[in-house]
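Step one of this worksheet: look at the structure below.
Just so you know, these numbers come straight off a predicted model, no measurement behind them. Whatever order the structure lists them in is the order used to number ligands and atoms, beginning at 1.
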Amino acid sequence: MKTSRIALFASALMCSTAFSAQAAELEVIHWWTSGGEQAAVSLLAKEFDANGQDSWRDSAIAGGEQARAVVMQRILGGDAPQAAQFNNSRQFEELAEAGLLLDLSDLAKKEKWRDVVRPKSILDPCEIDGKIYCVPVNIHSDQWLWTNKAIYKEVGLEEPQSWQDVIDQAGKIRDAGYIPLAVGGQGWQEDLTFDDVFMGVGGKELWNKVYVDRDEDAAKSPEVAKVFETYGKLRDLTDEGSAGRNWNDTTSLVINGKAAVQAMGDWARGEFVLAGKKAEVDYGCVPGPSRHPVLTTGGDIFIFPKQDDPEVEAAQLRLASMLLSPDVQVKFNTAKGSSPVRGDVNMASADPCMQKGLALLNDDENIALPKNAILSSDTDGRIQDLVSQFWNTPSMTVADVQDQFAAILQDGS
Ligand code: GAL
């Protein structure tokens, strides 16, 4: 989505928006359609409905890319929903720059969001030109392996602590009749796995050099070649049903004892919880995998497209406030598998996997920004496409993919 197109529609929209639904009914678009996600989002809807004056109209659209595209089209077409999920990233900055989003700065100031939200990087993407345009609801990290404990026990292996372990253990796991690594063959999942390999094999310093500093030598270095090489070796570890498979159907393979492990963000935990599985008993959660795991602090935010109706605007602000309230933060994040964005809530009830994540997030050394918070949506999308092409084209050489990778990073914003 190009700025110019958004800017063009923005001025027309400001003059023409006419909102006809009930003032306090807010349509909320999100992509939380798996069992675990639905359980978590329904807590938000229930809480909002319970305030006695507003109601949450749920619009769930499968797939993050699809949902975000619909939100963009609806806003540009003059039929904006009242609230929409995006990742905590640069995905929505053009909407804010074009003046299409409700400014939450006064509410943020009143409720001291800058003081309670931690780490600072979680609220940063919401702040554009000094104003706050989104409310972060959770911290999600991509760098986790989700394991089936019974399979590791049966084959007599420890859970992997590195990507090399995942590769080395694959033969034994395959021989015992299990999928060594379940991968969902969709672009964003292939890219997520690549990010995990990058962080596990290359480390945080290399990540920052390549993505934050856009250091061309780093992007072309032997260390990045090693990341691509390792990633390429994982192709043989998955199964024939991988192509196009949803992330949660892939998680089910681990839950149901068909696959040993899946690399997925911590939202996978919601699926295990829903299936009645116990953390560190039935399933394991390995951060990294790496001896010094680093987690990216991504997650979800809500934006509130501008409406030409003060009553709706007031309800949008009530929803924004509710999403950050301490009680909602604890309940929602416990169900979702994410960590709260507030540092002042009591997470004593968190299970051992959440506790591991919370402990890592406590130390800045262990955290990094996700790619989509560093790169523009366009650049991030080009990298994802390239990574997916490499994954699906075993004949593509590491030298070739690495050249293109470095070129996109030099070229893109
Ligand atoms: C991510 C989102 C998570 C999770 C996941 C799979 O983009 O941040 O909340 O739901 O997609 O749907």
Legend entry - Contacting atoms of ligand 1, where contact means under 4.0 angstrom from a heavy atom of K336: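 Close to K336: 3 (C), 4 (C), 9 (O), 10 (O).
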Legend entry - Proximal ligand 1 atoms for H140, defined as those under 4.0 Å from one of its heavy atoms: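 Near H140, meaning under 4.0 Å from one of its heavy atoms, ligand 1 has 3 (C), 8 (O), 9 (O).
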Inset, instruction - Keeping to residues at least two apart or across chains, list the disulfide (SG to SG under 2.5 Å) pairs with something in residues 80-143. - result: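 Checked against disulfide (SG to SG under 2.5 Å) - neighbours excluded - the pairs reaching residues 80-143 are C126-C134.
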Inset, instruction - For the residue pair F405 and F194, categorise the inter-ring angle as parallel (less than 30°), tilted (30 to 60°) or perpendicular (more than 60°). - result: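 It falls in the perpendicular class, over 60°.
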Inset, instruction - Of the side chain and backbone of N138, name the one, both, or neither that has a heavy atom under 4.0 Å from an atom of ligand 1. - result: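 It is neither; nothing of N138 touches ligand 1.
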Students should be able to answer this: which protein heavy-atom is nearest to [atom], and at what distance?
atom                    : result
atom 2 (C) of ligand 1  : D300 OD1, 3.2 Å
atom 7 (O) of ligand 1  : N87 ND2, 3.0 Å
atom 11 (O) of ligand 1 : W31 NE1, 3.1 Å
atom 5 (C) of ligand 1  : W267 CE2, 3.4 Å
atom 12 (O) of ligand 1 : E37 OE2, 2.5 Å

Inset, instruction - State whether F92 and R68 meet the cation-pi test: NZ (Lys) or CZ (Arg) under 6.0 Å from the six-membered ring centroid, and within 45° of the perpendicular axis. - result: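 Because its charged atom misses either the 6.0 Å distance or the 45° angle limit, R68 does not stack over F92.
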Inset, instruction - Please check if atom CD in E280 has more than 12 non-hydrogen atoms from other residues, nucleotides or ligands closer than 6.0 Å. - result: yes
Legend entry - Residues T296 and Q143: side-chain donor-acceptor under 3.5 angstrom: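 Result is yes, a qualifying pair exists.
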Legend entry - Any residue meeting salt bridge (Lys or Arg N to Asp or Glu O under 4.0 Å) with K204, in chain and number order, not counting sequence neighbours: none
